[in-house]
Amino acid sequence: MSRPTVRSRVGLGLGFTAVLVFSLFPVFVMLSTAVDARANDGSRSLLPTSLTWDNFRFVLDEGGFATYLRNSLVVALSTVVISGLLALLASVAVSRFRFRFRTSVLVMVLVVQMVPLEALVIPLFIQAKNLGLLNHLFGLVVVYVAFSLPFAIWTLRGFVSAVPRELEEAAYVDGASWPRMFWSVLLPLVAPGLVATSVFSFITAWNEFVFAITFMNDQGSYTVAVGLRQFFTQYGTNWGAVMAGSTLITLPVMIFFVIVQRRLSDGLVAGAVKG
Amino acid sequence: MTATATPPRQAQPGGRHPRPRRSRRPESGGRLTPGWLPWLLQAPALVVLGGLLLYPLYRVGVLAFEDFGLRELVTGQSSWVGLANFREVLTDPLLWKVALPNTVVFAAVNVTLTVTLGTLVALLLVRLGRWARGVLTSAIMVAWAMPAVTGTYVWVFLFDARDGAVMRALGALGLIDPAATNWFTERLPFYGIATLNVVHHGFPFVAVTVLAGLMTLPKDTLEAAALDGAGAWKRFWHVTVPLLKPVFAVVTILSTIWDFKVFTQIYLMPGGSGTNRDVLNLGTWSYITAISQNRYGLGAAIAVLLTLLLLVITLVYLRTLFKQDEL
C-alpha cells in the first residue's frame, strides 16, 4: 500500500504510547508501591522516593505469606498433575476413537465451561461442609481439577489429533501393545500441548478466589488470593503490604504467560479463524 | 481465568513420518484396542466433571425450590417450598432496580468497550513494525496476566479516597474535594472503576485474537479495495469486518459470558461484599445471600436466574461455533 505519511507515523506513535502506558500502568503502580518505603504515607508520589524490601519482609514474616504461598503452590501443582493426567486420557479417547455419545461428551465439555462459579459455589460449599472438606487443601484441588478439565481436554484434543495415525500403527506393527504405544509414541509427541494446558491449569488454581475464600476460613489454610485480605482492616489499609503480596502472586503468573504467549496466539488463530 | 474453546491445530509432531501405509483400520487401534478402552480412558474425567460440575448444577436447581438455611445445613433435612424463593426474588425491587441493571448494563457497556478497544489495538498492532509490535504485544500480555484479585486491588488503591493517586491528582487540580469524595459509595462511579478494571483485563484477549484474524486476510483484496479508492474506514467495514465475522462473533460472545458473571472484581471493591446494597450484581447478590446470610435456597434461586441468562448466551455461542467448525 501507500508509503506512510508523517501524519500517520505520528498517529501510530501516539497510539503505541497510549496502549503501552494503559497496559503497564497497574503493574507499575503495584511494583513501585511494593518497594516504596513511604507506601502508607498519604503524601507519596507515584515514583518511590526511597526504596526498601521491608514490605516484602513484612508480608512474608508477619503476614504469613510464606504459609499461603506454600498452600497455593501445593494446590496448584496437585491440580496441574491430576488434571493433566485426566485430560490427556480423555482427549485420547475423544480424538482417537469413534464411539457412541462421542459428540455428546464433547458438547458437554464445552457447555460446562460456561457455568457460572457463583451457581456452583453454593451446592459445593454444602457438600464440602458435609464431607468435612472445608479448610482442607484437598477440597480445593478437587474443585480446581474440575474447573481446569474442560479447557485442558478441549486443547489437548487438538494436539492428539495432530499426531499422525501412521506412527501409532507402526508401533503396533512392531508388536507394541496399546499402553506401550501410548507411552512411547503418543505421550512424547503431545508433550508440548501438555505444557501449555499445565500452565493454564496452574493459573486457574493459583488465581482462583471465590472457592478459596468460601472453603478456607482458617488462617493456616489460606491461599495467597485470600491471604491478601488481612491487610485491609477497619483502621485502614496497609497498602505497602497489599502491593508486596500482590507482586508475589502476580510474578509467577506473568512469567508463565510469557512462556505460553506464542503457543497461545497460535492456538487462537487455529481455533477462531479456521476457514 | 480466561478459558477459550479453541483447539490448537498446529501441534508439531517431532518424529519422522514413516512411509504412509494403507490403513486397514481407520477408526481405532484395531485388535489391540477393545471397544471399552475409550470409556476406560475418559472415565476419570467424566466422573470428576459429573460429580463437581453437573451434579452441583442439578443440586443448585433443587435447592432453589427448598427452604434451606443454617438449621437445614446442620440437620441435613430441608423442605420443599415450590416457587416461593423465585417469587421472593422476582418481586424484590432489588432485582429490578439494582442487581439486574448492574449486571446487564455493566456487561453491555464492558463488552462494547472491550471489543472496540481490542479491535483498535489489533488494527494498531498490524500496522506497527516488527520490533514495536513485539514490545506492545508483550505489554498487553502483562495486562492480561494480571490476576483479577491483584488487579482489582491496584484500581481500588488508585481511587482510594484517602491515599489514592488519582483522587489526589484530581484534588490538586481543584476538580474534586478529596476529603469529601468517595467514589466507591455511589453506583455509577463504583461501576465506572470496575469497568476500567474489567476492560483493562479483557481487551488483550480481543486484540490478540483479532490480530491473528487480520494476519490471515488476503492482502490483494485489501489492496484492490484501496485501488478502487476505498478509504481506511470503508475498507474496515466493507472488507475486514465481513471476512472476520466469525472472529468477532467468538470474541463478543466470550466477552459477554465473562462480563455477565464477573464476581471477584466487584466483590473485592469497597462495599462490594454486601455492605453497600446499591452495587450488588446477580453474582455477588446470590453469593452474599447464600454464604454470608445462610439463605442457601434463596441464593440458589438467584444463581439459577443468572445461569439461565448465561445458558441463552451459550446457545448463541454454540450455534456460531458449530457453523464454522466441525466437532
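Every chain is numbered from 1, with letters handed out A, B, ... down the list of sequences.
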### Message
As an exercise: rank B:Ala132, B:Gly164, B:Gly61 by heavy-atom pairs under 4.5 Å with chain A and give me the winner.
### Response
B:Ala132
### Message
Return the OH to OG1 distance between B:Tyr287 and A:Thr214, rounded to the nearest 0.5 Å.
### Response
2.5 Å
### Interchain contact, B:Leu125 with chain A, by part (heavy-atom threshold 4.5 Å)
neither
### Message
Can you list everything that forms a side chain to side chain contact (heavy atoms under 4.5 Å, CB included) with B:Ala45? Sequence neighbours excluded, please.
### Response
A:Leu86, A:Ala90, A:Leu149, A:Ile153
### Query
Based on non-hydrogen pairs under 4.5 Å, which of B:Phe68, B:Trp39, B:Trp155, B:Tyr58 is most in contact with chain A?
B:Trp39
### Task
Measure the CZ-CD distance between A:Arg102 and B:Gln42 for me, rounded to the nearest 0.5 Å.
10.0 Å
### Task
Pick one of side chain, backbone, both or neither for A:Ser161, based on which atoms fall under 4.5 Å of a heavy atom in chain B.
neither
### Message
Let's test your reading of the structure: which of A:Ser91, A:Pro188, A:Ala119, A:Ala152 forms the most heavy-atom pairs below 4.5 Å with chain B?
### Response
A:Ala119
#### Entry: Shortest non-hydrogen contact from A:Glu118 toward B:Ser286
O-OG, 4.2 Å
Can you list, pair by pair, the side-chain donor-acceptor contacts under 3.5 Å of residues 17-30 of chain A, counting residues two or more places apart and other chains?
| unit_1 | atom_1 | unit_2 | atom_2 | d |
| --- | --- | --- | --- | --- |
| A:Thr17 | OG1 | A:Gly13 | O | 2.7 |
| A:Ser23 | OG | A:Val19 | O | 2.8 |

### Task
Considering only heavy atoms and a distance below 4.5 Å, find which of B:Ile257, B:Leu268, B:Val135 pairs most often with chain A.
B:Leu268
### Query
If every non-hydrogen atom of B:Met146 is compared with every non-hydrogen atom of A:Thr250, which pair is closest and at what distance?
SD-CG2, 4.1 Å
### Message
Which atoms of B:Val156 are under 4.5 Å from chain A, going by heavy atoms: the side chain, the backbone, both sets, or neither?
### Response
both
### Query
When heavy-atom pairs shorter than 4.5 Å are enumerated against chain B, which of A:Asn130, A:Ile126, A:Val253 gives the highest number?
A:Ile126
### Query
Under a 4.5 Å cut-off applied to non-hydrogen side-chain atoms, are B:Leu49 and A:Pro150 in contact?
yes
### Query
Do B:Tyr267 and A:Val210 touch side chain to side chain, with heavy atoms closer than 4.5 Å?
no
### Message
Which heavy atom of A:Pro123 sits nearest to which heavy atom of B:Arg59, and what is that distance?
### Response
CB-CB, 3.7 Å
### Query
With chain A, which of B:Leu136, B:Leu63, B:Val48 has the greatest number of heavy-atom pairs at distances under 4.5 Å?
B:Leu136
### Task
Compute the ring centroids of B:Tyr153 and A:Phe232, then answer whether they are less than 6.0 Å apart.
yes
## Note on the structure
Note: vs chain A, highest number of non-hydrogen pairs under 4.5 angstrom among B:Pro38, B:Pro204, B:Ala143 is B:Pro38
### Query
If you look at every heavy atom in B:Ala303 and A:Ile122, which pair is closest and at what distance?
CB-CD1, 4.4 Å
### Query
Between CG of A:Leu124 and OH of B:Tyr55, what distance do you get to the nearest 0.5 Å?
10.0 Å
### Query
In Å and rounded to the nearest 0.5 Å, what is the OG1 to CD distance from B:Thr264 to A:Glu208?
7.0 Å
### Query
Is any side-chain heavy atom of A:Thr33 less than 4.5 Å from a side-chain heavy atom of B:Phe157?
yes
### Heavy-atom side-chain contact between B:Leu52 and A:Val143 under 4.5 Å
yes
### Query
In this structure, are over 12 heavy atoms from other groups packed under 6.0 Å from B:Arg133 atom CZ?
yes
### Task
Compare all side-chain heavy atoms of A:Phe16 with those of B:Val121 and state whether any distance is below 4.5 angstrom.
no
### Summary
Output for pair (A:Leu89 CG, B:Leu46 CG), nearest 0.5 Å, gives 11.5 Å
### Query
Do you know the tightest heavy-atom contact between B:Val142 and A:Met254?
O-CE, 3.3 Å
### Straight-line distance of A:Leu228 CG to B:Thr152 OG1, nearest 0.5 Å
11.0 Å
### Query
Pick from B:Val60, B:Leu40, B:Thr284: which one has the most heavy-atom pairs with chain A under 4.5 Å?
B:Val60
### Query
Can you say whether B:Asn197 sits under 4.5 Å from chain A via the side chain, the backbone, both, or neither, judging by heavy atoms?
neither
### Query
When the ring planes of B:Tyr296 and A:Phe125 are compared, do they come out parallel, tilted or perpendicular, using 30° and 60° as the limits?
parallel
### Query
Considering all heavy atoms of both residues, which atom of B:Leu53 and which atom of A:Ala146 are nearest to each other, and what is their separation?
CD1-O, 3.7 Å
#### Entry: Under 4.5 Å from a heavy atom of chain B, the part of A:Val224 involved
neither
